[in-house]
Amino acid sequence: MAIKHYIENGKRFYEVYVNGFDSRGIRVQRRKCRIESLPKAKSVEFELKRELAKLKEEAIPYRWSEWHEECLKRMKVTFRPSTVMGYDKSLRKWLSPRWDNLELQKITPMIVHRFIFEELDSKLSANTRKTILKLVRRVFQMAVEAGVIGRNPCLGIQVKVPDVEQKVLTASEVEVFLQNARLTNHRFYPVWAMALGTGMRSGELFALLWTDIDF
């Protein structure tokens, strides 16, 4: 930090130079020239010092990689370990190192849109893009809920997935199917009968316990 004088066109001027570090530890410099008097130069020096002090004390904005790690810590409180690992693996696969050093507050809807529709591999299916967008939207929503950012940049961005024709057995087809499975004593007959008779999904069937049965 220094105040120096110099002569320009026969007139004395003062130059003020101060330096310090911001909240991330990055060196910051401020310089102001053509100050006409020493008292004014000292006043400028005082204001520049105040400016640097504020920079050093201000809250450090999260980068994407930093918020990623913070999200994982928060998820561990409410989600299963496998779910947390899934988020971590997927986010690293698709977003690192592309977004690692981006400040969370500076990631705009345009950046998200460009990433989903232009920067990802063109061979990816619409379903995969939709899944990636869902993960990213969730991470930003956690930031909104924590007060880290004011708005989720994923809002309004959607991936359209083509409708898939659902093929469903008719009641008569189900009856014929189960009759033939029973007549041939097929080992999966009880499973198919249970699934078709209850309408339960495979995950629900696999999760069934004897305690779930009301005898």
Side-chain angles (χ1 to χ4, degrees), residues 24 60-170 173-174 177 181 186-188 190-209 212:
R24 288 189 179 277
I60 300 175
Y62 278 100
R63 292 191 178 110
W64 172 265
S65 58
E66 295 166 342
W67 183 246
H68 174 176
E69 296 297 333
E70 180 62 25
C71 276
L72 296 181
K73 294 178 184 176
R74 294 171 183 243
M75 286 179 177
K76 288 176 182 177
V77 178
T78 54
F79 294 151
R80 295 178 179 178
S82 58
T83 302
V84 178
M85 288 178 63
Y87 265 90
D88 186 29
K89 184 177 180 181
S90 296
L91 290 170
R92 291 188 190 282
K93 177 180 180 180
W94 301 114
L95 292 154
S96 294
R98 193 192 311 267
W99 280 13
D100 281 353
N101 291 319
L102 291 181
E103 286 188 15
L104 213 61
Q105 294 177 342
K106 295 182 179 179
I107 300 178
T108 63
M110 184 178 293
I111 291 175
V112 176
H113 188 279
R114 186 169 61 241
F115 166 68
I116 295 295
F117 295 102
E118 298 177 24
E119 296 178 1
L120 288 174
D121 191 333
S122 59
K123 296 179 182 178
L124 290 180
S125 68
N127 275 308
T128 301
R129 292 176 195 277
K130 186 174 183 178
T131 299
I132 296 170
L133 178 60
K134 182 180 178 181
L135 293 173
V136 174
R137 181 182 287 114
R138 178 58 186 154
V139 171
F140 279 119
Q141 189 56 38
M142 290 181 69
V144 172
E145 292 168 1
V148 174
I149 58 177
R151 185 177 184 274
N152 191 328
C154 295
L155 291 178
I157 300 176
Q158 295 181 343
V159 176
K160 293 184 179 180
V161 178
D163 293 332
V164 178
E165 183 182 354
Q166 298 290 336
K167 296 183 178 180
V168 181
L169 295 175
T170 64
E173 289 172 336
V174 169
F177 173 74
H186 198 287
R187 64 192 181 100
F188 283 154
V191 177
W192 291 332
M194 181 72 170
L196 291 168
T198 63
M200 297 177 71
R201 298 179 180 182
S202 58
E204 295 172 316
L205 291 169
F206 282 120
L208 276 178
L209 301 174
D212 296 322

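Values in this document were obtained by computation on a predicted structure and should not be read as measured data.
- The two residues Ile157 and Arg137 have their closest heavy-atom pair at O-NH2, 2.8 Å.
- Within a 6.0 Å radius of CD in Glu118, other residues, nucleotides and ligands contribute more than 12 heavy atoms.
- From Lys89, atom NZ reaches atom OG of Ser82 across 12.5 Å, with rounding to the nearest 0.5 Å.
- Once rounded to the nearest 0.5 Å, the distance linking CH2 of Trp99 with CG of Leu104 reads 9.0 Å.
- For the residue pair Lys106 and Ile111, the shortest heavy atom distance occurs at O-CD1, 3.5 Å.
- With respect to the salt-bridge test (charged N to carboxylate O, under 4.0 angstrom), the residues Arg92 and Glu69 qualify.
- Closest non-hydrogen pair, Glu66 versus Pro61, comes out as OE1-O, 3.8 Å.
- The closest side-chain heavy-atom distance from Leu208 to Met194 is below 4.5 Å.
- Contact check for Trp94 versus Thr131: no side-chain heavy atoms found under the 4.5 Å cut-off.
- Counting heavy atoms from C-beta outward, Trp67 and Ile149 have side chains that stay 4.5 Å or more apart.
- Glu173 has its side chain out of reach of Phe177: every pair of non-hydrogen atoms, C-beta onward, lies at least 4.5 Å apart.
- Exactly one residue among Val136, Val112, Val144 makes a side-chain contact (heavy atoms from CB on, under 4.5 Å) with Asn152. That residue is Val144.
- In this structure, Trp192 has its ring center closer than 6.0 angstrom to the ring center of His186.
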Check: Passes side-chain contact (heavy atoms from CB on, under 4.5 Å), His113 versus Thr108? Steps please.
Finding: CA-CA 9 Å; His113 188 279; Thr108 63; over 6 Å; no

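- Within 6.0 Å of CE in Met85 there are 12 or fewer heavy atoms belonging to other residues, nucleotides or ligands.
- The existence of a salt bridge linking Arg74 and Glu70 is confirmed by a sub-4.0 Å separation between a basic side-chain nitrogen and an acidic carboxylate oxygen.
- Between Pro109 and Arg151, the closest side-chain pair of non-hydrogen atoms falls below 4.5 Å.
- Nearest heavy-atom pair across Lys130 and Val161 is CD-CG2, 3.6 Å.
- Here the closest heavy-atom approach between residue Leu205 and residue Ala195 is recorded as CD1-CB, 3.7 Å.
- Under the 4.5 Å side-chain criterion, counting only non-hydrogen atoms from C-beta, Trp64 is in contact with Val139.
- A pairwise comparison of heavy atoms in Phe79 and Arg138 identifies CZ-NH2, 4.4 Å as the closest pair.
- Using a 4.5 Å heavy-atom threshold, the side chains of Phe115 and Ile132 count as touching.
- Here the straight-line distance linking atom OG1 of Thr128 with atom CG of Leu120 works out to 9.5 Å at 0.5 Å rounding.
- Of the inter-residue distances, the one linking Asp88 atom CG with Leu135 atom CG reads 11.0 Å to the nearest 0.5 angstrom.
- If you take CD on Gln158 and CZ on Arg129, they are separated by 16.0 Å, rounding to the nearest 0.5 Å.
- How far CZ of Arg63 is from CG of Leu102: 10.0 Å, rounded to the nearest 0.5 Å.
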